[in-house]
Amino acid sequence: MEEKTITEQSVKTKVSGAEQKTPAVRGKGTVTTKKKGEATVKPDGKVTLKTKKEVAVRSSGQVAVKKRGAVANPLKSTLPPENAEEVAVKEKKTRGRKKSDASKAKTASTKATAGKKRPAAKKAPAVDKTESIVEKPSDVAENTESKAENTAEAKAETVKKEVKHVLFAASEAWPFAGTGGLGEVVGSLPRALNKLGTVEARVILPLYENLPAEYREKLSFIRSITVPLAWRNQYCGLFELEYEGVKFWFVDNEYYFKRSGLYGYGDDGERFAFFSRAVLELIPYLNWHVDILHCNDWHTALIPVYYKLFYQYRDSLQGIRTVFTIHNIEYQGQFSPDVIEDLFGIPRREYMSIEFGGCINLMKGAIDYSDSVSTVSKSYAAEIMSGEYAHGLQSILLKNAHKLKGILNGIDTDTYNPATNASLFKNYDADTVDEFKPENKTGLQRLLDLPADEKVPMIAMITRLASHKGIDIVRSAFNEIMKKGVQFVILGTGDPDHENFFRHMQNVYGNRVRAIISFNKDLAQKIYAGADIFLMPSRSEPCGLSQMMAMRYGTIPVVRATGGLKDSVTDCGDGKSGNGFCFGGYDAGDLLYAVDRAVGLYRDYFDIFKGLRRRAMKCDFSWDRSAKEYDEYYNEVLNK
């Protein structure tokens, strides 16, 4: 316990102020206070400091009682200048003592307090600040060993307590519902996180009509509640299913979710506002404490907003941290300002919180209200703070740059495994790719009624037919690409104009082009395994999974260096390093140059191309890698 000496003259100090807030000077040199834990000056001239408080004596002669860093009612002392200096010198000496001296003094004080009350001792002689206490070597060894044991036990106990409970809220999760990358991420990342042992991740999503029957029959009903949404009070059912080590909760409301398909309805805003409100209303009934609520894209963007406005002070919901992940900033959830109260149940006074560009912007609200914001690759996190990629939200993201994080997604390496995938004509791995991949190529050629020829380079695309996927520059360069004597296969749906273009190219080039305008997962696996070169010239690509899947099957990607493509594909140069081909400019000329390099390496230096193929197959794009980064990220979020 730290002590400070004040001369007898300091007893005469006059104190002003309310007695409950400042010490009152009484007779015989004793200073008492109304609050527990404040300073006491004893007759012998010593000041005793109690728990979590200190008396600071400044050179100006002021005495201040501090509590956890806050200055409480400074007292102006009438000490003469020479006495103030004396106090300051002694205080400096006290601070300079070694920790061992302070520790022993504290122990001695504690023992004295525990024993019988003794008469006040005479003032002890001052200890020279140069004194030191030397421990015996045997004592040091015993103390070190004891401390090591205690540290090990403390670490083990800390690990048990540090398991983070993360609830993923999303509009889709594979294999229950999915239309793209979001479903892949939410279906795979929680499973990888749970394998770490430091995270327990669970998922909550809507119960759609098209949930496969094999999963629907395994659902367990938990309970039903009523969810408030503006002037409405809607039924909400909660179902549960455990799948591959992850617990999934399904929010049921047939009025909103018993429909064909996931999106594209005129009341999508109301549907997902209900879902967002339902997630928060259901948390107290999950019998599971939530540390982090991880929201995804605009469909769950209202969760951080609702939480801060209506739920953060409820007993069962206090202390939850919110994370919002932007999978694609192009889709922001924009609505008319007139519906803020009637549709979303948000008071009009809060309109500016979710307003951007003259309308309601749910993604903008989530970025502002969330404790942290993440994206699906490091490069994309940097890009969306510029006008070229942010779709108007660059000012909002720049304002929140301090809480923005980019983590590259992974792929399910068990599902996308050429050694075990049942869709392939012949299974293979990195050691047997040269022997068995050609069988997959010829099998695909026969399936699509193309000439079966191993020596002809096959270029493939599996994509949504949208302009930002680079379809417009592919169309501009298409005839030049076909002059290189290649076969071209494309699988996907999208813009009708793009669909019709590739149908026309199939008619023009006959048995060298195949356009399959549909979504066929089995055929996609066969294309990944059978093609030689995979084309992905996106104008913007938050992460991209197709290039990772292609490399997993030994198909070399040709990509534009943007977003996740830049983070996952390294240009191979002359083919002896890296894992693919990259180009920078978004134009047909740069695309053609990259395709020419890839086709040339395949035709003229096939041995080097085979080495590049094996190298690409050995790249680690598993969710295990990404999960470790998310674990560290969650620690950062909880420590804020």
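Keep in mind that the numbers below use all heavy atoms, side chains included, and drop hydrogens, waters and symmetry copies.
- Checked by atom type, the side-chain pair D368/N400 shows a donor-acceptor distance below 3.5 Å.
- A cation-pi arrangement is absent between K258 and Y208, since the terminal nitrogen or guanidinium carbon is not both under 6.0 Å from the aromatic centre and inside a 45° cone about the axis.
- Residues L404 and S374 fail the side-chain proximity criterion, which asks for heavy atoms closer than 4.5 Å.
- The stretch residues 610-619 participates, sequence neighbours left out, in these side chain to side chain donor-acceptor pair (under 3.5 Å) pairs: D434-R613, D434-R614.
- Residues E184 and K521 approach most closely at OE2-NZ, 3.8 Å, considering heavy atoms.
- Evaluation of the ring-ring contact (aromatic ring centres under 6.0 Å, His included) rule for H498 yields no partner, not counting sequence neighbours.
- Put simply, the side chain of F168 reaches to within 4.5 Å of the side chain of L189, judged on heavy atoms.
- Sorted by first and then second residue, the ring pair (Phe, Tyr, Trp, His ring centres under 6.0 Å) pairs with a member in residues 555-603 read Y602-F606, Y602-F609; sequence neighbours excluded.
- In terms of heavy atoms, V637 sits closest to S372 at CG2-CB, 3.9 Å.
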What donor-acceptor contacts under 3.5 angstrom involve side-chain atoms of residues 511-519, with partners at least two apart or in another chain?
from : atom 1 : to   : atom 2 : distance (Å)
R512 : NE     : V486 : O      : 3.4
R512 : NH2    : M482 : O      : 2.4
R512 : NH2    : V486 : O      : 3.3
R514 : NE     : L448 : O      : 2.7
R514 : NH1    : G510 : O      : 2.8
R514 : NH2    : D449 : O      : 2.8

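- Shown here for L207 and L211, the closest heavy-atom pair between the two residues is CD1-CD2, 3.6 Å.
- For Y215 and F248, the ring centers are positioned 6.0 Å apart or more.
- The side-chain heavy atoms of F436 and N427, taken from C-beta on, include no pair separated by under 4.5 Å.
- In summary, the side chains of H294 and T325 do present a donor paired with an acceptor at a separation below 3.5 Å, with no hydrogens or angles considered.
- Judged by the 6.0 Å and 45° rule, K437 forms no cation-pi pair with Y428.
- Under the salt bridge (charged side-chain N to carboxylate O under 4.0 Å, His left out) criterion, D495 pairs with no residue at all, not counting sequence neighbours.
- Judged as a side-chain contact (heavy atoms from CB on, under 4.5 Å), and not counting sequence neighbours, the contacts of S546 are Y528, F534, M536.
- Between F324 and M363, the closest side-chain pair of non-hydrogen atoms falls below 4.5 Å.
- The closest side-chain donor-acceptor pair between Q525 and Y416, if any, does not fall under 3.5 angstrom.
- Atoms CG and CD, on L450 and Q487 in that order, are 5.0 Å from each other to the nearest 0.5 Å.
- Side-chain contact check for F356 versus Q334: every heavy-atom pair is 4.5 Å or farther apart.
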(message) One pair to check against ring-ring contact (aromatic ring centres under 6.0 Å, His included): Y331 and H391. What are the steps and the verdict?
(response) CA-CA 9 Å; Y331 306 103; H391 292 273; 8.3 Å; no
